[in-house]
A.B. asks: 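Before we start, here is the structure in question, set down as structure tokens.
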Amino acid sequence: MTDQAAGSASIASWRIFIARSKVMRHYGVLSGGLMVAIVLAVALLAPVLAPHDPYQQALLNRLKPPFWMTGGSWSFPLGTDHMGRDYLSRLMYGAQISILIGVSTALISGALGTSLGLAAGYFGGRVDAIIMFIVTVKLSIPTILVALAVVQLVGGSLQIVILVLGLLLWHQFAVVARSVTMQIRDMDYITSARMAGCSSLRILMTEILPNVLNQIIVVLTLTMASAIVIEASLSFLGVGVQPPLPSWGIMIAEGKEHIFFRPWLVMIPGFALLFLVLAINLLGDGLRDITSPQGRG
Amino acid sequence: MLKFLLQRLALAVAVAICVSILTFGLLGATIDPAIAIAGEDASAEKIQALREAFGYDKPLYIQYANWFGSALQGNLGTSPYFGLDVSKLIADRLPVTMKLGALAISFAIGLGVPLGVIAAIYPNTWIDRVALSVAVLGQAIPNFWFSLLLIIVLAVQLELLPVSGASTASSYVMPMIVLGTNAVPAIMRLTRTGMLDTLQADFIRTAWAKGLRPRQVFFKHALRNALIPVVAVTTIQAAHMLGGSIVVESVFALHGLGMLAYESILRSDIPTMQAVILIFSGFFIVFSALSDIINAYLDPRIRVA
């Protein structure tokens with residue numbers, strides 16, 4: 001008994017070793033993961049790292065250029081915005097908003113979509129037909145347009161944006177969870193669990209969900225990226241998170257007023273946004289390559 | 001084929017009706033349109049009068065039935081903000097968005113297909129890597145920021161193009177690039193995988209063995225077969241692209257449907273909002289049906305299943 005346990009433990013650690021070396025060899029996962037970790041660290045440590053209060057206005061210090069330009073100084077490394085707020089500090093606190101939106105939206109839509117997908121794939125038949133019809137309807141709803149309309153009508157705030165995006169971005173989870181479930185629902189171990197008298201809920205949660213999780217994590221990362229971009233777009237259009245919160249979309253919108261003479265006000269938060277989205281996409285694409293080699297393209 | 005076609009059309013109609021019910025319910029539940037028209041500080045009598053005038057005092061399902069009935073006759077109501085027939089507003093704005101969509105999809109095909117072909121002819125070389133990086137970057141870059149980037153470089157620094165508006169043909173160049181770039185990654189990746197698969201097929205070996213020139217093998221034999229799935233994906237991408245036009249048209253002040261949507265949302269103009277959302281989902285429904293039908297036509301296995 002103990003031998004067996006030790007054996008399975010060593011097999012488990014061997015598996016982890018293989019998985020890890022695969023991860024380590026995969027350039028996309030490595031660089032993407034590192035880039036995400038950087039943004040995450042900046043977001044979490046913003047209160048420590050930020051040189052200034054991101055909301056502190058100083059009208060005497062308005063529109064200072066970043067340090068590498070003439071007139072720039074190290075006291076405001078990335079310069080200041082139109083209200084004299086330190087741009088670097090706002091950028092760091094902005095990372096918090098993006099990460100928060102990305103993670104919470106992906107969790108809400110992930111829970112919703114995965115449950116629907118599991119049910120559709122496991123029960124099949126009429127349940128599957130109805131759920132797939134709902135997915136088709138969802139797909140036909142223009143995401144940005146409806147998000148804009150609802151957030152504008154209800155009133156923009158962080159919670160509303162998260163909730164609306166969570167309700168709008170679940171379809172991919174449903175499609176993926178459904179197809180994986182269909183592949184495994186007739187396997188012997190599922191049948192034997194059913195023979196043993198397990199309830200459908202229990203089979204779904206303990207037998208099927210763990211096998212779907214790999215693919216769900218990939219969708220989770222990619223949904224996170226689109227949630228972050230949509231939040232920034234909504235906030236840029238003035239219908240999302242509201243000022244004075246330092247959402248990168250708001251920073252770009254405010255910088256747009258100065259696009260002719262101070263283009264860095266648009267460039268800096270934009271590059272931050274691109275960096276984060278690129279990082280998450282690299283990580284997600286890489287994870288997909290590792291979990292399903294045939295999904296490469 | 002006919003049976004498949006009819007089934008697909010029935011599905012499209014059912015989806016369209018569901019979307020219209022959903023959006024109607026969503027918009028009706030989140031806001032009192034009478035207050036939106038009159039303003040927050042209007043008197044209670046004025047709001048009540050507006051409610052009765054527009055029929056907002058009736059239950060939502062009756063409002064929907066009325067709206068649906070007149071929508072079938074082409075009457076989408078009157079916009080309280082613009083003071084015009086919504087159908088007229090849409091007819092005015094539609095050509096701009098259609099033109100933009102057509103240009104953008106041509107741009108995406110023009111860039112995505114050659115990139116995919118070159119990447120597949122030289123797999124795992126620096127050419128392949130550059131093409132893949134373009135795809136990865138194109139996927140990650142946010143529309144609205146890419147628009148501003150182009151404005152900074154092409155309009156402000158190089159002074160090649162107008163910053164915004166739709167007065168001349170050159171006003172379409174930047175919006176076309178931004179929207180088109182959205183679809184490049186999917187088209188490029190699919191062309192590349194399609195080409196790579198096809199190049200390993202027996203008939204390509206035969207073509208080489210016959211002594212055909214590389215140009216003939218690659219373009220006449222391989223590309224034709226590789227492009228079959230690309231056609232279907234391009235139609236879906238075109239639909240997604242039109243959804244993205246709301247952001248791009250707003251940045252470039254291009255007076256198309258996307259801009260109309262944005263304006264109506266900012267003014268809480270419910271009838272216009274409702275109609276524009278439906279038009280955009282209509283585009284998607286039509287294009288995805290089209291994509292399914294093209295797929296079924298090209299691949300008989302789908303229509304049997």
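In what follows, chains carry the letters A, B, and so on, assigned in the order in which the sequence lines appear, proteins first and then strands, with residues in each chain numbered from 1.
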A.B. asks: Nearest 0.5 Å, please: how far is CZ in R267(B) from CD in Q152(A)?
C.D. replies: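 Taking CD in Q152(A) and CZ in R267(B), the distance rounds to 10.0 Å.
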A.B. asks: Contact part of I141(B) toward chain A, heavy-atom cut-off under 4.5 Å: side chain, backbone, both or neither?
C.D. replies: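 For I141(B), backbone and side chain are both near chain A.
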A.B. asks: Give the interface residues of residues 219-239 of chain A toward chain B, defined by a heavy-atom separation under 4.5 Å.
C.D. replies: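 So the qualifying residues are V229(A), A232(A), S233(A), F236(A), L237(A), V239(A).
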A.B. asks: Would you say CH2 of W126(B) has more than 12 non-hydrogen atoms from neighbouring residues, nucleotides or ligands within 6.0 angstrom?
C.D. replies: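 No, because the 6.0 Å sphere around CH2 of W126(B) holds 12 heavy atoms or fewer from other groups.
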A.B. asks: Let me know if I144(A) has heavy atoms under 4.5 Å from chain B in its side chain, its backbone, both or neither.
C.D. replies: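 Side chain only.
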A.B. asks: Within the structure provided, determine whether L273(A) and F144(B) are in side-chain contact (heavy-atom separation under 4.5 Å).
C.D. replies: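 Sidechains of F144(B) and L273(A): in contact.
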A.B. asks: Pick one of side chain, backbone, both or neither for L139(A), based on which atoms fall under 4.5 Å of a heavy atom in chain B.
C.D. replies: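 Both backbone and side chain.
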A.B. asks: What distance separates I259(A) CD1 from L148(B) CG, expressed to the nearest 0.5 Å?
C.D. replies: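 The CG atom of L148(B) is 4.5 Å from CD1 of I259(A), to the nearest 0.5 Å.
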A.B. asks: What residue in G255(A), P142(A), G249(A), A253(A) has the most heavy-atom pairs under 4.5 Å with chain B?
C.D. replies: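 Heavy-atom pairs under 4.5 Å are most numerous for P142(A).
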A.B. asks: Roughly how far, to the nearest 0.5 Å, is CZ of F271(A) from CG of L149(B)?
C.D. replies: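 Going from the CG atom of L149(B) to the CZ atom of F271(A) covers 6.0 Å.
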A.B. asks: How far does CZ of R189(B) sit from CG of D285(A), to the nearest 0.5 angstrom?
C.D. replies: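 That separation rounds to 5.5 Å.
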A.B. asks: Looking at OG of S140(A) and CD1 of I277(B), how far apart are the two atoms once the value is rounded to the nearest 0.5 Å?
C.D. replies: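 The OG atom of S140(A) sits 13.5 Å away from the CD1 atom of I277(B).
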A.B. asks: Under 4.5 Å from any heavy atom of chain A, what part of A14(B) do you find: side chain, backbone, both or neither?
C.D. replies: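 When you check distances to chain A, atoms from both the backbone and side chain of A14(B) fall under 4.5 Å.
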A.B. asks: List the residues meeting ring-ring contact (aromatic ring centres under 6.0 Å, His included) with F284(B), not counting sequence neighbours, and say none if there are none.
C.D. replies: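 F284(B) satisfies ring-ring contact (aromatic ring centres under 6.0 Å, His included) with H240(B) once adjacent residues are dropped.
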A.B. asks: Kindly indicate, with the supporting measurements, whether the criterion side-chain contact (heavy atoms from CB on, under 4.5 Å) is fulfilled by I151(B) and K256(A).
C.D. replies: CA-CA 10 Å; I151(B) 291 179; K256(A) 201 184 109 192; over 6 Å; no
A.B. asks: Roughly how far, to the nearest 0.5 Å, is the CE atom of M132(A) from the CG atom of L11(B)?
C.D. replies: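 Those atoms lie 10.5 Å apart.
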A.B. asks: Of the backbone (N, CA, C, O) and the side chain (C-beta and beyond), which part of L22(B) lies under 4.5 Å from a heavy atom of chain A, both, or neither?
C.D. replies: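 Just the side chain, heavy atoms under 4.5 Å.
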A.B. asks: Kindly indicate whether the side chain of Y262(B), heavy atoms from C-beta on, has any atom under 4.5 Å from the side chain of L145(A).
C.D. replies: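 No, every pair of side-chain atoms sits at 4.5 Å or beyond.
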